[in-house]
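Counting starts at 1 for both ligands and their atoms, in listed order. Bear in mind the structure is a predicted one, so any value in this text is a computation, not a measurement.
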Amino acid sequence: MRVRFAPSPTGALHIGGVRTALFNYLLARKHGGQFILRIEDTDQNRFVPGAENYITEALEWCGLTFDEGPEQGGDYAPYRQSERKPMYRQYAERLVAEGNAYYAFDTAEELEAFRTKDPNFIYNHSTRTLAANSLTLPPDEVTKRIAAGQHYVIRLKVPAEGKVVFNDLIRGEVSFDNSLIDDKVLLKSDGMPTYHLANIVDDHLMKITHVIRGEEWLSSTPHHVLLYRFLGWEDTMPAFSHLPLILKPNGNGKLSKRDGAKFNMPVFPLSWPHHEEENYEGERFTGFREAGFLPEAVINFLALLGWNPGTDQEIFSIEELTEAFSLEKINKSGARFDFEKAKWFNHQYIQQKSDAELTALIQPDLKARGITADTKFVEKFCSLMKSRINVLTEFATVGYYFFTEELNYDEANIQKKWNAEVAPKLQEVIRYIEKAEMADHQSMEANFKTFLAEAGYKPGEILPLMRLALAGTMQGPGVFEMVELLGRENVILRMNNAVQAFNKIIK
Ligand code: GLU
């Protein structure tokens, strides 16, 4: 088994592209085959600098490693189509010589005129008879035009009648009427192949056995099947699988790049810094990585977009996915991109990490926010916070109060809990803490309860205020877990600050 991921470097790789790469990867690993990266960069107008690096970095972050590719090399190098340019023409010429393709001389203006006359114009068996091409012009005229350097393209000559029928491993038998298929350009006037020609020539030369790609390529497949047939490669034609669409979170249509901004969620694996460019307006290029996701969680989430293991199991390591994966269990219908589910997966994977691992993962984010803290402190902080966290960045945003005494106080709760009667009791608590034994949180809590009972204070009037004093909020770890981590001095500082702040709030 040899499979390939064949992205075009036209911008940031959409998260759907990562799923395509993942499914190819899983299949190759499961069957001990090869997973190949091929960069399809023949459309120079759409080439975006940096996009190839982005693709490689994104897949590396996800842990999807290639056996062959531009960086790895391999027996079928080069793996960038622009570097293979001289290979393609011979196949296009062979198709012309054998009557399965033709030279077309139409200028951009002429094609525009066709479209003005008929907005639904496609270049096909009926319209090609009206245009300037090697099917309508006498052979010597064709030779003359080519010799004179007139621009031409080579187009596939789709038969006027009949059907293309092929088997899709996900969809079953698929058939297209030839009469509805257009005569795709195979070789452009600059000598570059189009996607269609380069894709099948390379799949053939690279001995690809399975093509697994997005549903949007299904309508290109009849052209590809015709090319395999015309080039005499039908015997070794790869098996096709077209993956179901990924749908918007509300299920209404295909997930698009612009949905990131619309639904306030990442739709790319990594952030893409080119958003200032004009044509990216309205798109939000935040990546899953920068949004605080773990690659294992993203992979697990993506695997279940369109594939289902046939059991209730949801959490899969990449090894378990490799084991369980099969094309037969991929659905035909679209899969809803449920961002809440992605966060749920991330939460699960955060719980599996040790405090030391989490510390290493969040330190860069803390630094970027100007927070410096001792490793031991951050480890303890992680252990207190992780059950409350969905994305890594929330450690710093939700748990900010562990790193600063400037708290955002929950005023509504302070209004409810703070009054002239309880104020002296909190002062008493401060005096208690000044002298209390600082131990583990369990024994501190037990001692504190005794103190409350002796003083005749109710835990329900004191503990919420302590919590508000330490964290500003009613959410968070246990009060004495916070006391243990913050230490006596800092706790007293926070409680004194709070008395002043609370008095201001209820005024
Ligand atoms: N270059 C195409 C893309 O950008 C490849 C499609 C295919 O896998 O054939 O997705």
**Request:** With sequence neighbours left out, write down each residue that passes side-chain contact (heavy atoms from CB on, under 4.5 Å) with T393, or none if nothing qualifies.
**Result:** D365, R369, V391
**Prompt:** Which of these, N133, V185, L186, L187, sits in a side chain to side chain contact (heavy atoms under 4.5 Å, CB included) with V153?
**Reply:** V185
**Message:** Exactly one of R2, R4, H210 should register a side chain to side chain donor-acceptor pair (under 3.5 Å) with D203. Which one does?
**Reply:** R4
**Message:** Listing request: all ring pair (Phe, Tyr, Trp, His ring centres under 6.0 Å) pairs with a residue in residues 176-209, at least two apart in sequence or in separate chains.
**Reply:** Y195-W217, Y195-H224, H196-H223, H196-H224, H204-W233
**Request:** Take the angle between the ring planes of F5 and F66 and call it parallel below 30°, perpendicular above 60°, tilted in between.
**Result:** parallel
For a distance cut-off of 3.5 Å, show me each N or O of ligand 1 paired with any protein N or O, plus the separation.
| unit_1 | atom_1 | unit_2 | atom_2 | d |
| --- | --- | --- | --- | --- |
| ligand 1 | 1 (N) | A6 | O | 2.8 |
| ligand 1 | 1 (N) | S8 | OG | 3.0 |
| ligand 1 | 1 (N) | E40 | OE1 | 2.6 |
| ligand 1 | 4 (O) | S8 | N | 3.3 |
| ligand 1 | 4 (O) | S8 | OG | 3.2 |
| ligand 1 | 8 (O) | R4 | NH1 | 2.7 |
| ligand 1 | 8 (O) | R4 | NH2 | 3.4 |
| ligand 1 | 9 (O) | R4 | NH2 | 3.0 |
| ligand 1 | 9 (O) | Y195 | OH | 2.8 |
| ligand 1 | 9 (O) | N199 | ND2 | 3.1 |
| ligand 1 | 9 (O) | R213 | NH1 | 2.8 |

In residues 56-65, what donor-acceptor pairs under 3.5 Å come from side-chain atoms, sequence neighbours left out?
| unit_1 | atom_1 | unit_2 | atom_2 | d |
| --- | --- | --- | --- | --- |
| T56 | OG1 | E52 | O | 2.7 |
| E57 | OE2 | R289 | NH1 | 3.1 |
| E57 | OE2 | R289 | NH2 | 3.3 |

